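Input: a single structure, listed below in structure tokens.
In what follows, residues are counted from 1 in the order of the sequence shown. Predicted model, so just to flag it, every value in this text is computed and none were measured.
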Amino acid sequence: MQDKKTILVLLKGYPRLSETFIAQELLGLEQAGHRLVLVAMRRPTDKKRHPVHDEIQAPVHYLPEYLHEEPLRVLKAMWKVMRMPGRTAALSQFLRDLPRDVSRNRFRRFGQAAVLAAEWPGDAGWLHAHFIHTPASVALYASLLRGMGWSVSAHAKDIWTSADWDIAEKLARADWAVTCTQAGFTRLNALSGARQNVHLSYHGLDLKRFPAFDAPRSQRDGSDRSEPVRLLSVGRAVRKKGYDVLLRALSSLPRDLNWRFTHIGGGEELVRLKALADELGLAERIDWKGAMDQRDVLSHYRESDLFCLACRITEDGDRDGLPNVLVEAASQGLMAVSTTVSGISELFSDGENALLVASEDPAALALALENAMRHPERRHALGSAAAARVRRDFDYRNSIRDLTRLFAESWSRRA
């Protein structure tokens with residue numbers, strides 16, 4: 001008999017530096033008494049790991065990222081699943097999806113689902129997928145093949161770049177879904193129809209990893225060339241983060257304002273952004289640090305004066321939910337200047353615990369940055385208010401309790 005306390009968690013990739021919120025959740029579930037098995041659709045590409053990754057005990061397995069790379073494994077799995085009782089339901093779902101998404105990826109997801117179902121760890125009694133786009137496609141087909149329940153966590157890009165029909169099909173089949181912003185919840189709930197099986201649960205932080213920073217912050221106000229205001233941003237260099245908008249805002253700041261900007265993170269747009277910084281005459285005032293682990297990032301939160309992130313909605317609808325780095329920075333009393341995109345306004349209120357502007361507006365962003373840089377006492381007050389909000393409402397243990405309840409209710413129904 002399957003142990004219904006063991007959950008197979010399907011991930012797009014693992015481990016990933018940019019997904020600390022997922023790693024923290026996995027560790028939290030283990031600490032709450034759940035046994036996990038992790039299955040990733042991609043092998044890691046990051047060269048570093050966060051400490052939390054080393055604390056997670058669950059075994060990790062990898063599906064073939066591309067079917068042609070492991071043809072014998074895929075064929076063996078297909079042979080096995082075609083004799084499973086759920087093959088008819090899974091094939092019917094695949095053939096219903098295919099005309100609406102005629103792509104190699106659709107075949108790839110079914111092949112990965114076959115491998116997952118065929119190589120299923122014997123003691124796993126539940127399937128939970130992170131992201132409602134491709135991982136949930138694999139989870140849906142695998143759950144049908146094996147005739148078992150499943151659930152999904154939806155986050156940001158997956159919610160906003162997936163077709164309505166695709167999300168609706170998955171919500172109709174999944175026992176439940178959970179998401180981490182009110183904006184995401186509103187979209188998913190509208191697509192869940194009569195089932196209304198979507199739940200809102202903010203990720204939060206492990207506040208032991210981000211203890212309160214009580215040391216006095218600097219009085220740097222940009223007037224001293226030898227003591228420039230230290231600006232920080234942490235995030236992948238991708239279009240939705242709006243780093244080109246931030247660079248243009250920095251380039252329009254008054255010449256008498258002394259500042260230095262540090263960026264932490266990798267990303268495919270780094271080369272383009274560095275070229276833009278050169279073009280704007282900013283290169284000498286910027287440090288591009290690349291990827292760092294959580295401990296080093298924490299040190300930068302504490303040494304900096306201001307956090308900035310110019311999130312936007314891209315042409316294909318992609319956007320952040322509530323970037324975890326904003327919660328992390330706020331936990332250290334580091335004031336943020338950001339935009340009103342998506343879930344950011346669910347943590348921050350303009351003028352109360354941050355300064356927020358509309359996206360795609362370098363001029364407004366520059367004014368907010370200048371205001372915060374020239375007035376250290378104000379940024380300290382807003383940063384303190386943000387820290388208090390995080391410590392009151394964004395403890396990750398709240399999310400773990402929500403998930404534990406949802407898993408227990410599903411196991412109880414199916415028992």
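Side-chain contact between Gln112 and Leu116: absent, with no pair of heavy atoms (C-beta onward) separated by less than 4.5 Å. Val9 places none of its side-chain heavy atoms less than 4.5 Å from the side chain of Val37. At least one side-chain heavy atom of Ile132 sits less than 4.5 Å from a side-chain heavy atom of Leu171. Side-chain contact between Leu273 and His263 is absent, with no heavy-atom pair separated by less than 4.5 Å. With contacts defined as side-chain heavy-atom distances shorter than 4.5 Å, the pair Trp259/Leu369 does not qualify. Proximity of Leu282 to Phe261: side-chain heavy atoms (C-beta onward) are nowhere separated by under 4.5 Å. The side-chain heavy atoms of Tyr66 and Glu70, taken from C-beta on, include no pair separated by under 4.5 Å. Taking 4.5 Å as the limit, some side-chain heavy atom of Gln93 sits within range of a side-chain heavy atom of Arg173.
Between Leu309 and Val325 the shortest heavy-atom distance is CD2-CG2, 4.1 Å. Contact detail for Arg302 and Pro211: the closest heavy-atom pair is NH2-O, 3.0 Å. The two atoms that bring Leu127 and Ala142 nearest to each other are CD2-CB, 4.3 Å, heavy atoms only. The minimum heavy-atom distance between Gly204 and Asn324, with the atom names listed, is O-OD1, 4.2 Å. Here the closest heavy-atom approach between residue Cys311 and residue Val341 is recorded as O-CG2, 3.4 Å. Ala249 and Ser252 get closest at one heavy-atom pair: O-OG, 2.9 Å.
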Please lay out, stage by stage, how Arg230 and Asp305 fare under the test salt bridge (charged side-chain N to carboxylate O under 4.0 Å, His left out). CA-CA 5 Å; Arg230 298 180 184 178; Asp305 299 312; 5.3 Å; no
What's the verdict on salt bridge (charged side-chain N to carboxylate O under 4.0 Å, His left out) for Asp97 and Arg106, showing C-alpha distance, side-chain angles and the deciding distance? CA-CA 8 Å; Asp97 295 340; Arg106 183 58 55 179; 3.6 Å; yes
Show your reasoning for whether ring-ring contact (aromatic ring centres under 6.0 Å, His included) applies to His155 and Phe21. CA-CA 10 Å; His155 299 290; Phe21 59 95; 5.1 Å; yes
Given the rule in the salt bridge (charged side-chain N to carboxylate O under 4.0 Å, His left out) test, do Asp395 and Arg397 qualify, once you have shown the distances and angles that lead to the verdict? CA-CA 5 Å; Asp395 187 324; Arg397 290 173 296 183; 2.5 Å; yes
Between Tyr396 and Tyr202, does a ring-ring contact (aromatic ring centres under 6.0 Å, His included) hold up when you go through it step by step? CA-CA 8 Å; Tyr396 87 104; Tyr202 292 105; over 10 Å; no
Go through the steps for Leu257 and Val229 under the test side-chain contact (heavy atoms from CB on, under 4.5 Å), then give the verdict. CA-CA 9 Å; Leu257 192 59; Val229 178; 5.5 Å; no
Could you please spell out the steps behind the side-chain contact (heavy atoms from CB on, under 4.5 Å) verdict for Ile286 and Leu247? CA-CA 10 Å; Ile286 298 179; Leu247 291 177; 3.6 Å; yes
Stepwise, does the salt bridge (charged side-chain N to carboxylate O under 4.0 Å, His left out) test hold for Glu315 with Arg239? CA-CA 10 Å; Glu315 294 81 357; Arg239 183 158 171 72; 2.9 Å; yes
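Take Arg391 and apply the side chain to side chain contact (heavy atoms under 4.5 Å, CB included) test, not counting sequence neighbours, and it matches Leu207, Ala212, Ser331, Gln332. Under the side chain to side chain donor-acceptor pair (under 3.5 Å) criterion, Glu19 pairs with Arg16, sequence neighbours left out.
Side-chain contact of Ser137 with Lys170: a donor-acceptor pair under 3.5 Å is present, judged by distance alone. Using modelled atom types, one finds no donor on one side chain facing an acceptor on the other under 3.5 Å when comparing Thr404 with Arg401. Residues Asn105 and Ser103 bring no donor and acceptor atom of their side chains to less than 3.5 Å of each other. Defined by atom type and a distance below 3.5 Å, a donor-acceptor pair is present between the side-chain atoms of Arg209 and Gln24. Side-chain polar atoms of Glu269 and Tyr243 form no donor-acceptor pair below 3.5 angstrom.
Judged purely by atom type and a 3.5 angstrom limit, Gln182 has no side-chain atom pairing as donor or acceptor with the backbone of Glu346. For the pair Asp316 (side chain) and Asp318 (backbone), a donor-acceptor distance under 3.5 Å is present. Remark: the backbone N or O of Lys48 is not paired with any side-chain donor or acceptor of Asp46 at under 3.5 angstrom. With Arg379 contributing its side chain and Ala372 its backbone, the two residues share a donor-acceptor pair below 3.5 Å. In terms of modelled atom types and a separation under 3.5 Å, the side chain of Asp361 and the main chain of Ala364 share a donor-acceptor contact. In terms of modelled atom types and a separation under 3.5 Å, the side chain of Asn353 and the main chain of Ala386 share no donor-acceptor contact. A donor-acceptor pair under 3.5 Å is absent between the side-chain atoms of Thr6 and the main chain of Leu36, judged by distance alone. In this structure a side-chain-to-backbone donor-acceptor pair under 3.5 Å is missing from Thr339 to Ala310. Side-chain atoms of Arg319 do not come within 3.5 Å of backbone N or O of Ile313 as any donor-acceptor pair. Looking at Arg187, its side chain does come within 3.5 Å of a backbone N or O of Ile159 through a donor-acceptor pair.
Ionic pairing of Glu119 and Arg73 is present here: one or more N-O contacts between side-chain nitrogen and carboxylate oxygen are shorter than 4.0 angstrom. The pair Arg100-Glu169 meets the salt-bridge criterion, since a charged nitrogen lies less than 4.0 angstrom from a carboxylate oxygen. With respect to the salt-bridge test (charged N to carboxylate O, under 4.0 angstrom), the residues Arg49 and Asp293 do not qualify.
Under a cut-off of 6.0 angstrom, the local environment of CH2 in Trp165 is crowded, with over 12 non-hydrogen atoms contributed by other residues, nucleotides or ligands. Atom CZ of Arg104 has 12 or fewer heavy atoms from other residues, nucleotides or ligands within 6.0 Å. Atom NZ of Lys76 has 12 or fewer heavy atoms from other residues, nucleotides or ligands within 6.0 Å. More than 12 heavy-atom neighbours from other residues, nucleotides or ligands sit within 6.0 angstrom of CZ on Arg87.
Using bins of under 30°, 30° to 60° and over 60° for the plane-to-plane angle, the ring pair His53/His50 lands in the parallel bin. Ring pair Trp176/His128 is tilted by interplanar angle, where 30° to 60° counts as tilted. Between Trp126 and Trp411, the angle of the ring planes goes over 60°, which puts this pair in the perpendicular group of the 30/60° scheme. Below 30°, between 30° and 60°, or above 60°: for Phe94 and Tyr141 the angle between ring planes is above 60°, a perpendicular geometry.
Among pairs with a residue in residues 278-292, those fulfilling side-chain hydrogen bond (donor to acceptor under 3.5 Å, both in side chains) read Arg260-Asp287, at least two apart in sequence or across chains.
Relative to the six-membered ring of Tyr62, Arg42 misses at least one condition, a distance below 6.0 Å or an angle of at most 45° to the axis.
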